[in-house]
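Shown next, in structure tokens, is the structure this report addresses.
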Amino acid sequence: MAIYSGGCHCGNVKFEIDVDESTTLHSCNCSICSMTGYIHLIVPKTSFKLLTENNNLTCYQFNSKVAQHYFCSNCGIKSFYVPRSNPDGYSVNARCLDTTDWQQWSLEAFNGQDWESHAHKLSHLSAE
């Protein structure tokens, strides 16, 4: 396990995660992930620590309104969110980490365009 920090572009949102460096990242082809270039790193809530005030965040919800997509109110970057597939965890955008170590980790494609049929494949990722 290792601690990584990350955040948004302007620095108003900062966080830390405790993650196994042999973890698998996911690249989703759903509309929102494709448009934002999001690379998922799903962790349990206990492995995520927000270091800045949450008043720098705006929450966007759509469709079922279960997922909570947080983005910086200043620069607009979504560095993490609470995913519908893992409401007991966080999905961190690996691209928002303060390191490029994640580029060496395993990356799997996830078919988010057919989310209902595939979401169960991610549900274990936020388990402690």
Chi angles and distances behind the side chain to side chain contact (heavy atoms under 4.5 Å, CB included) call for I77, F71: CA-CA 5 Å; I77 297 298; F71 60 94; over 6 Å; no
Counterpart residues, salt bridge (charged side-chain N to carboxylate O under 4.0 Å, His left out), relative to R84 (two or more places apart): E116
Minimum heavy-atom separation for [X] to [Y], with atom names?
X   : Y    : result
Y70 : C59  : CE2-CB, 3.7 Å
N29 : Q113 : OD1-N, 2.9 Å
S27 : L107 : N-CD1, 3.8 Å
P44 : S126 : CB-O, 3.2 Å
C75 : C10  : SG-N, 3.6 Å
K78 : I32  : NZ-CD1, 4.1 Å

Check whether the side chains of [X] and [Y] place a donor and an acceptor atom closer than 3.5 Å, and report yes or no.
X   : Y   : value
S73 : T58 : yes
Y60 : Q68 : no
S5  : D98 : yes
D18 : S47 : no
S79 : N93 : no

Criterion side chain to side chain contact (heavy atoms under 4.5 Å, CB included) on C72 and N12, from CA distance to verdict: CA-CA 7 Å; C72 175; N12 284 348; 4.0 Å; yes
Inter-residue atom distance C28.SG - L122.CG, 0.5 Å rounding: 8.0 Å
Derivation of the side chain to side chain contact (heavy atoms under 4.5 Å, CB included) call for V92 and Y81: CA-CA 7 Å; V92 170; Y81 79 107; over 6 Å; no
NE2/H9: more than 12 non-hydrogen atoms of other groups inside 6.0 Å: no
Step-by-step side chain to side chain contact (heavy atoms under 4.5 Å, CB included) determination, L57 to F80: CA-CA 10 Å; L57 296 167; F80 71 92; 3.7 Å; yes
Centroid separation Y38 to H40 less than 6.0 Å: yes
